[in-house]
Participant: 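Handing you a structure now.
Chain naming here is simple, since letters A, B, ... match the order of the sequence lines and numbering starts at 1 in each.
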Amino acid sequence: MADLNPDQHAAVNTLAGPLLVLAGAGTGKTRVITYRIAKLIQTGITPSRILAVTFTNKAAREMRDRAQRLLGRRVKGTKPPEISTFHSLCVRILRRHARRLGYPETFSIYDRGDQETLARNALRDIRVSTGTLRPGDLLSLVGGWKNKGITPDQASSTAEGDKVELAAAAYARYQSQLKAAGAMDFDDLLLQTNRLFAEHAEARFAEATRFDHLLIDEYQDTNDLQYRIVKALADRHRNLCVVGDDDQSIYGWRGAEIAHILGFQNDWPDAKVVRLESNYRSRAPIIELANTLIAHNTTRHQKVLRPFREGGAAPRILRMEDENMEAEQVVQQIQQLMLGEADHRVPPSDIAILFRTNEQPRAFELEMRRQKIPYVLVGGLSFYDRREIRDVLAYLRVFANPSDEVSLLRVINTPARGIGSSTLEALIEYAVKEGKPLWTVLPNALEELELPTAAISRIEAFRVLIDGFRAKIGSIKLSELMRELLKTVDYRTELERLHPGPGEAESRWLAVEELVNAAALYEQREEAPTLLGFLEEATLADRDDFGDDDKRERHAVTLMTLHSAKGLEFPHVWLVGLEEGILPHQRSVLEGRGVDEERRLCYVGVTRAQDTLTLTFTKARMKWGKPRPSIPSRFLMEMRGDTERARRAGEAAEAMFRKAAEAAKQAEERAAEAPAKKKGRTLAKRR
DNA sequence: ATCAAGCTATTTTTT
DNA sequence: ATAGCTTGAT
């Protein structure tokens, strides 16, 4: 540990009591945390009594690996420190106490896709005069409520305005569907853990006494529910170390409260504070830019990054004609960099293009493909979002928890086995009337409903199929179970039927095989592999976190959003689309208070760069098929210290957006007045 | 049950 | 511009 600077040293060696580590970008935060874990263990703390919480699963894995390396080989039989995300931690807590909360131990975890299905169902047949609510809108409202611990009842009693009232009603439906399915969504994992701690003191005690040391990474992005969990787990031993950078708080829209890190010393008055301000990542001119930019935020812990690495080129700011030219020129520059001088070629993995929104990479992808430059788009459609993967996972979830209705309805006719929508409609209606999960009423339904005999025998066959596999859980290996399932339902043939295009079915089948491999790997790696454990991993995995992605990324340029770039670094960074409306995003400008967070986002982008940084903006950009002139982002002026011009740019942009928003609002009103003639018929999926 | 043509809404970030 | 849906024909 000799190679730590004095601040890092202080952060590593303050082992007892509350500690706030304010770690600026590139100041060796991860290193400090892993050293700290190692130090705790070296001073005699039992490893398994240390809990470290990270923001992503990828970060957790990396931290586990690093800590392992520092400590050398693990002694057989000793449990390692627990390093996981809040969500995984909660799953493990909740599995132990699910019954107390009225859930089965085998409760399913619903991801975004499942949530959307539920939201769609919840919104069926409800509408208001001002139009409908999209599932996504409902989910963000529901997320907000859940994060504040607001129940459906409370939501509907305080709701104002048609849309919010509608959402509150749908929230109640959504939540009761979840409950009926024995399922929790991501927010529920945190919410129910809090409920458990509040209502069952003995459970809280049991969980709080598992650990004597608690470390929380990315503390600036904890939301209220996470904050309460931290408190519940730490208030006995008080050995709480939180690490974060308020200047990098970028998840406010998801309920993260920067106030938690800003007010840490109010909660823990005896807390020590260590500031890490020596930046080892970026060249001086980049740091300079970052410092000047972030100084425009007022509510923050005072911190100034000091560059450790002197010299380096000044960041470039380039203006492009439109988004296609932007892509073309950036890709061209990247190509030149990669070809380089013969003696210093830059590998593609040293290069990243960062952007604010998910529509921006389109032009870049096109251009990269044209120029045959390998790239990875991080955060697009994840492996686990693929339909075939969701199908197989849905089977597994039904095996674990047949009340999981979203999954049950997904697989009941997949592959097509002649259980059509009218049969399903009848079954669902029956289940709703009984107020019980479809699976449990299935035998009765078959007797009582007057269904065609063919349908009855098909459903019965499906029931036998599921029961047969359920009986096998635990007695054969998970990967075996999956192979058998795929063979029994002849999934491959179904893929060929569904995707006759050349190679289509083949590539989808490969994905399925990859999933089986992932299960096999999971079994190898885990000491006590379970079906539920694998499902948890598959559901909570980060979107870009499948297989050995670094193998793929090693030879490719990275394209990703600023949000996914947090915690990463690249020698060469292009930060594109620095325009009013994109960064800062139009919505945060209009909502008034959001620009600070956008500035932090920009700061995160700038501080990813190690050696060179290029910032681009366009003169005009296509919007819905029409070109629209752009205003250069105020951040470009702020980072060069031109606060006055930045202010003017901001005002111009705001005026422009207000006008556009006004026009959009009028259009919506006109549409609402027009006779509503939509029927809103979709596949029978309840409830 | 399946598919192509036509229509439509689009305005953020994701564990 | 375009993805993602509905619709109407097989």
Participant: Using a 4.0 Å heavy-atom cut-off, does A:Phe657 contact any base of the nucleic acid, only the sugar-phosphate backbone, or nothing at all?
Facilitator: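 A:Phe657: no heavy atom of the nucleic acid under 4.0 Å.
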
Participant: Please confirm whether the backbone N or O of A:Gly418 pairs with a side-chain atom of A:Arg458, one donor and one acceptor, at under 3.5 Å?
Facilitator: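 Yes, because the side chain of A:Arg458 sits within donor-acceptor range (under 3.5 Å) of the backbone of A:Gly418.
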
Participant: Within 45° of the axis and under 6.0 Å from the centre of the six-membered ring of A:Tyr603, does NZ or CZ of A:Arg600 qualify?
Facilitator: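 Not flagged: A:Arg600 not positioned over aromatic ring of A:Tyr603.
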
Participant: Ignoring hydrogens and geometry beyond distance, is a side-chain donor-acceptor pair present between A:Asp247 and A:Gln220 at under 3.5 Å?
Facilitator: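 No, A:Gln220 and A:Asp247 have no side-chain donor paired with an acceptor closer than 3.5 Å.
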
Participant: Reckon A:Asn223 has a side-chain N or O less than 4.0 Å from the OP1 or OP2 of B:dT15?
Facilitator: no

Participant: Which residue in the set A:Glu323, A:Glu359, A:Glu579, A:Glu580 passes salt bridge (charged side-chain N to carboxylate O under 4.0 Å, His left out) when paired with A:Arg621?
Facilitator: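 Running salt bridge (charged side-chain N to carboxylate O under 4.0 Å, His left out) over A:Glu323, A:Glu359, A:Glu579, A:Glu580 with A:Arg621 returns exactly one hit, A:Glu579.
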
Participant: Using only heavy-atom distances, decide whether a donor-acceptor pair under 3.5 angstrom links the side-chain of A:His563 to the base of B:dT14.
Facilitator: no

Participant: DNA chain B: A:Thr561 or A:Arg497, which has the more 5' nearest nucleotide?
Facilitator: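 Upstream on the strand: A:Arg497.
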
Participant: Of the nucleotides C:dT2, B:dT12, B:dT15, which has the atom closest to the A:Arg587 side chain?
Facilitator: B:dT12

Participant: Does A:Thr357 place a side-chain N or O at less than 4.0 Å from the phosphate oxygens OP1/OP2 of B:dT11?
Facilitator: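 For B:dT11, neither OP1 nor OP2 has a side-chain N or O of A:Thr357 closer than 4.0 Å.
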
Participant: Tell me the interatomic distance from A:Glu494, atom CD, to B:dA1, atom C1', rounded to whole angstroms.
Facilitator: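 A:Glu494 atom CD is separated from B:dA1 atom C1' by 12 Å.
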
Participant: Whole Å only: how far is the CZ atom of A:Phe355 from the C1' atom of B:dT11?
Facilitator: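 Spelled out: CZ on A:Phe355 to C1' on B:dT11 is 17 Å.
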
Participant: In whole Å, what is the span from the CD atom of A:Gln360 to the C1' atom of C:dA1?
Facilitator: 16 Å

Participant: Shorter than 3.5 Å, N or O on both sides, protein versus nucleotides 8-10 of chain C: list them out with atom names.
Facilitator:
none

Participant: For B:dT12, does either OP1 or OP2 sit under 4.0 Å from a side-chain N or O belonging to A:Asn358?
Facilitator: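 Negative; the distance criterion is not met.
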
Participant: Return whichever of A:Phe55 or A:Arg356 has its heavy-atom-nearest nucleotide of DNA chain B closer to the 5' end.
Facilitator: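 The residue whose closest nucleotide sits nearer the 5' end is A:Arg356.
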
Participant: Classify the ring geometry of A:Tyr251 against A:His563: parallel below 30°, tilted from 30° to 60°, perpendicular beyond 60°.
Facilitator: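 Perpendicular: the ring planes of A:Tyr251 and A:His563 meet at over 60°.
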
Participant: Out of B:dT12, C:dA3, B:dT15, which nucleotide sits closest to the side chain of A:Phe186?
Facilitator: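 Nearest to the side-chain atoms of A:Phe186, counting from C-beta on, is B:dT15.
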
Participant: Roughly, in whole Å, what's the span from OH in A:Tyr384 to P in B:dT14?
Facilitator: 19 Å

Participant: With rounding to whole Å, what would you report as the distance between B:dT11 and C:dT6 at their C1' atoms?
Facilitator: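 Going atom to atom, C1' in each nucleotide, I get 24 Å.
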
Participant: Quick check for you: to the nearest 0.5 Å, what is the distance between A:Arg508 atom CZ and A:Asp391 atom CG?
Facilitator: 10.0 Å

Participant: Could you give the CZ-to-P distance, from A:Arg600 to B:dT13, as a whole number of Å?
Facilitator: 18 Å

Participant: Between B:dT15 atom P and A:Leu139 atom CG, what is the distance in whole Å?
Facilitator: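 To the nearest whole Å, that distance equals 15 Å.
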
Participant: Measuring from the side chain of A:Arg362 (C-beta onward, heavy atoms only), which nucleotide among B:dT11, B:dT15, C:dA3 has the closest atom?
Facilitator: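 Minimum distance to the A:Arg362 side chain belongs to C:dA3.
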
Participant: Pick one: which of A:Glu598, A:Glu597, A:Arg599 meets side-chain hydrogen bond (donor to acceptor under 3.5 Å, both in side chains) with A:Ser588?
Facilitator: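 Exactly one candidate clears the test, A:Glu598.
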
Participant: Can you tell me how far C1' of B:dT11 sits from CD of A:Glu598, to the nearest Å?
Facilitator: 12 Å

Participant: State whether the distance check finds a donor on one side and an acceptor on the other, under 3.5 Å, for side chain A:Trp253 versus base B:dT13.
Facilitator: yes

Participant: Take atom CG of A:Leu366 and atom P of C:dA1, then tell me their distance rounded to the nearest Å.
Facilitator: 14 Å

Participant: Give the minimum heavy-atom separation between A:Gly255 and A:Asn223, together with the two atoms involved.
Facilitator: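 Closest pair (atom of A:Gly255, atom of A:Asn223, distance): O-CB, 3.1 Å.
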
